[in-house]
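The structure appears below as structure tokens.
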Amino acid sequence: MVSFDHLNEQQRAAVFATDGPVLVLAGAGSGKTRVITYRIAYLISQGVSPNDILALSFTNKAAKEMRERVVELIGSAAKTTHLSTFHALGLRFLREEYKSAGLSEKFTILDEGDQLAAVVDLMRDIGYDTDEFDPKLIHGLLSHYKSRLERPDARRGGLEGAVAQIAPLYGRRLRALNAVDFDDLIALPVWLLETDEEIGYRWSGRFKYMMVDEYQDTNLAQLRLLKALAKRHQNVCAVGDDDQSIYGWRGAEAGNILRFDAHFKGAQTIALTQNYRSTNRILRAANKLILNNSERHEKSLWSELGEGESLRYMEAKDGDEEAKWIATDILSAKRHYQADWNEFSILYRTNAQARVLEDAIRNQDIPYKIIGGTRFYDRKEVRDLVAYLRFINNPWDEVALRRIINFPSRGIGDLTIQRIADESRKRDVPFFRLIEKPSDVPNLKNSTRELLLGFHGLMKGFRDRFKQLDADFGTICRDLIETIDFRNAFGRTEKNVRRLMIRLDNLDEVASALGSYREQNPESGLEDYLSMLSLDRNKDEEEESDDVVSLMTLHSSKGLEFNHVYLVGFEEGFVPHIRQADTSSGTTAPVDITEERRLIYVGLTRARRRLTLTGSKTRLKYGRILNRKPSRFLHEIPKELFDGDRSGKMPELTGAALEKRAQNAFDEMFKIVGGDEIV
DNA sequence: GTATCCAAGGTTTTT
DNA sequence: CCTTGGATAC
Ligand SMILES: Nc1ncnc2c1ncn2[C@@H]1O[C@H](COP(=O)(O)OP(=O)(O)OP(=O)(O)O)[C@@H](O)[C@H]1O
């Protein structure tokens with residue numbers, strides 16, 4: 001039996017209000033996520049089938065965590081609850097309804113690079129000068145329109161006109177590749193749900209109770225998806241905080257949460273006001289900062305966790321010193337607080353900042369993990385191997401095919417490829433069909449035709465092997481690496497042996513990952529692994545989460561909490577980020593300093609008891625030294641909350657100083673917090 | 001068709 | 001700084 005004693009009154013109200021639309025709009029750390037987990041538990045305890053419950057969160061990590069928490073509450077009965085991200089849900093939908101969407105079974109999810117390449121290709125085709133129109137910008141706008149399910153106006157000039165011209169071609173191109181992009185994962189399901197009555201009816205009965213976490217970060221397309229799925233029952237419970245809306249740049253629409261009751265008629269709104277996470281000093285810092293934003297939903301937050309320790313601000317002379325100082329500080333704090341490593345987190349604005357920190361932390365033998373930003377699947381050799389897998393899985397994937405048809409070199413040159421492409425376009429036959437039957441392509445030497453057939457045979461062999469029910473993906477993938485002879489291909493250009501070894505290791509890692517994926521999901525095919533790759537690029541790190549210090553961007557930290565938080569690079573240029581602060585190239589998004597402020601708000605409110613801001617007077621960039629000054633946001637946090645006077649003088653690291661500084665706060669905390677509970 | 005050299009540009013944030 | 005890809009020579 002689930003006990004609801006661990007909820008306050010408002011939380012209980014939200015949990016028990018199972019029917020009809022409910023919005024929980026409340027500040028950071030007020031227990032919104034806990035409402036969702038308990039709500040799932042409550043529904044199941046009331047006899048609702050776990051299979052009828054859908055809870056959506058923003059990241060795979062969050063979805064996974066939610067599953068763990070619900071299982072803790074009610075045990076394995078929760079296992080069949082649908083917990084996923086919007087994109088994973090969209091994918092699932094399309095894997096079932098692919099035919100209606102004009103796709104074939106094993107469609108591919110195009111990664112960003114390939115999306116961009118498609119845009120460049122199409123722009124060239126219809127005679128746009130890629131110097132005059134930045135393809136990145138065009139692609140960004142295209143994505144923006146899709147995320148709002150809007151059509152750009154073809155009669156407009158300039159960028160919008162260009163996007164309007166390219167959009168339909170881009171769509172057609174993707175369908176020809178039997179591929180979708182991220183936005184399609186939402187847009188196509190919405191389109192089907194809204195236009196195909198049978199599909200709409202079927203799916204709107206599928207999930208009887210739906211919950212959405214971090215609702216402030218949903219976009220218009222996601223709102224439409226939600227509406228379509230909830231059409232028959234309106235049982236939607238959304239929780240979020242407009243002050244934590246940090247994805248405006250990719251189409252998130254704060255209006256979704258602020259006008260929830262207009263989108264879902266008869267919605268009741270519940271506010272949560274007690275913060276269970278942070279000390280009052282931390283809370284006050286965050287509240288004061290966010291007060292500088294207008295047009296927000298005013299919220300009051302209070303905490304029973306005492307005043308707590310003062311915040312700290314440390315300004316180093318350069319990035320190395322900053323990183324070293326943090327590493328040392330973590331070491332002494334670990335001793336002093338008898339803390340576990342996983343109580344520490346280092347947050348930064350951009351992934352690039354992780355490098356220095358990583359070095360410093362590793363030097364002190366501190367166990368750590370870096371969440372996100374991993375470029376593993378962006379490395380050339382990995383992308384090449386994945387391109388092979390993609391083509392094997394989905395022969396329509398011409399992008400992958402072109403990437404690998406002559407890598408490693410097998411004598412199929414640009415001219416040959418051009419001839420095949422021309423013929424393919426002329427006769428509207430997929431590229432790969434012509435490789436199966438090169439005699440259909442005019443002007444090729446017979447020896448070239450032989451080469452093409454050889455390539456086709458090779459690929460077909462692997463395709464068949466991957467299709468077998470008992471296929472051992474890991475072994476097949478290693479065979480592929482061998483047969484293709486990547487070793488030789490990279491050995492030729494890479495004379496640095498160490499680097500060559502790294503590349504080969506990376507390839508082997510893909511094989512291992514593929515093998516273990518198959519072992520864990522014996523029912524899944526190659527297509528599932530590949531889409532998992534595009535949707536969850538952090539999978540590997542999450543596995544061994546254990547007792548380690550976490551490094552991540554402010555964006556990735558949303559929803560998490562740590563006893564000790566270091567918010568690093570607290571300088572103009574990082575926060576707000578230079579690209580957001582200056583007015584140049586203002587086409588992607590309006591200059592939005594308020595979103596940067598919210599980002600800091602998110603960062604500050606991750607801390608439970610000890611919050612440290614750090615910055616540096618100089619930064620090394622591309623080998624150049626840049627002078628830096630403290631972030632304007634520093635001055636928006638009251639001086640008196642800081643240890644010292646916010647001047648940045650390096651706080652002492654000795655045990656005695658720590659002792660003196662923290663003693664009172666520490667005792668106070670312990671009295672109040674007591675034993676930790678699960679959410 | 002393939003190998004090699006050099007210039008340019010890259011760093012916002014993520015599904 | 002380092003990587004990437006495009007131009008050029010073989
Ligand atoms: N009623 C409660 N009693 C005690 N602790 C609670 C209660 N509700 C939530 N908590 C704790 O407060 C912390 C924050 O909760 P939770 O993550 O649900 O907040 P949130 O509103 O989702 O935060 P954020 O806005 O930052 O995502 C967690 O450690 C949670 O265990």
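First the proteins, then the strands, lettered A, B, ... as listed; each starts at 1.
- To the nearest angstrom, P of dT15(B) lies 18 Å from CG of Leu225(A).
- Of the side-chain N and O atoms in Ser556(A), one or more sit less than 4.0 angstrom from OP1 or OP2 of dT14(B).
- For the pair Arg92(A) CZ and dT15(B) P, the interatomic distance rounds to 21 Å; values are reported in whole Å.
- Projected onto DNA chain B by closest heavy-atom contact, Ala352(A) and Thr553(A) fall at different nucleotides, the more 5' of which corresponds to Ala352(A).
- Rounded to whole angstrom, the span from the NE2 atom of His139(A) across to the P atom of dT14(B) amounts to 16 Å.
- Across all strands shown, Phe86(A) has no heavy atoms under 4.0 Å from either base or sugar-phosphate atoms.
- Across all strands shown, Glu112(A) has heavy atoms under 4.0 Å from base atoms, whether or not it also approaches the sugar-phosphate.
- dT4(C) and dT11(B) have their C1' atoms separated by 15 Å, with the value rounded to a whole Å.
- Position along DNA chain B of the nearest nucleotide to Lys621(A) versus Ala88(A) favours Lys621(A) as the more 5'-ward residue.
- By the 5.5 Å and 30° criteria, Trp249(A) is stacked with the base of dT13(B).
- Within 4.0 Å (heavy atoms only), Asn406(A) reaches sugar-phosphate atoms of the nucleic acid but no base atom.
- Ionic pairing of Arg598(A) and Asp242(A) is not present here: no N-O contact between side-chain nitrogen and carboxylate oxygen is shorter than 4.0 angstrom.
- A sub-4.0 Å separation between OP1 or OP2 of dT14(B) and a side-chain N or O of Asn60(A) is absent.
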As a quick check of understanding, evaluate side-chain hydrogen bond (donor to acceptor under 3.5 Å, both in side chains) for Asn394(A) and Thr108(A), giving each step before the final call. CA-CA 7 Å; Asn394(A) 169 21; Thr108(A) 306; 2.7 Å; yes

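- The shortest distance between the side-chain N/O atoms of Thr416(A) and the OP1/OP2 oxygens of dG1(B) is below 4.0 Å.
- Atom pair Met552(A):CE and dT15(B):C1' shows a separation of 17 Å (rounding to whole Å applied).
- The local environment of NZ in Lys629(A) is sparse, with at most 12 non-hydrogen atoms from other residues, nucleotides or ligands closer than 6.0 Å.
- Looking at heavy-atom distances under 4.0 Å, Tyr247(A) makes contact with sugar-phosphate atoms alone, never a base.
- Val568(A) places a side-chain heavy atom less than 4.5 Å from the side chain of Gln353(A).
- With rounding to whole Å, Phe407(A) atom CZ is found 12 Å from dG5(C) atom P.
- Counting any heavy atom pair closer than 4.0 Å across all strands shown, Ser534(A) reaches no nucleic acid atom.
- Note: CG (Leu56(A)) to C1' (dT15(B)) measures 13 Å, nearest angstrom.
- In this structure, Leu626(A) atom CG and dC1(C) atom C1' are separated by 13 Å, rounded to whole Å.
- Heavy atoms of other residues, nucleotides or ligands lying less than 6.0 angstrom from CG of Asp414(A) number 12 at most.
- Remark: Asp359(A) engages no residue in a side-chain hydrogen bond (donor to acceptor under 3.5 Å, both in side chains) (not counting sequence neighbours).
- Considering only side-chain atoms of Thr350(A), the nucleotide from dT15(B), dA3(B), dT13(B) that sits closest is dT13(B).
- Nucleic acid contact class of Leu599(A) (heavy atoms, under 4.0 Å, all strands): none.
- Between the P atom of dT15(B) and the NE2 atom of His555(A) lies a distance of 11 Å, rounded to the nearest Å.
- Out of dT15(B), dT13(B), dG1(B), the shortest distance to the side chain of Leu415(A) is found at dG1(B).
- Considering only the side chain of Ser409(A), dT2(B) comes nearest among dT11(B), dT2(B), dT15(B).
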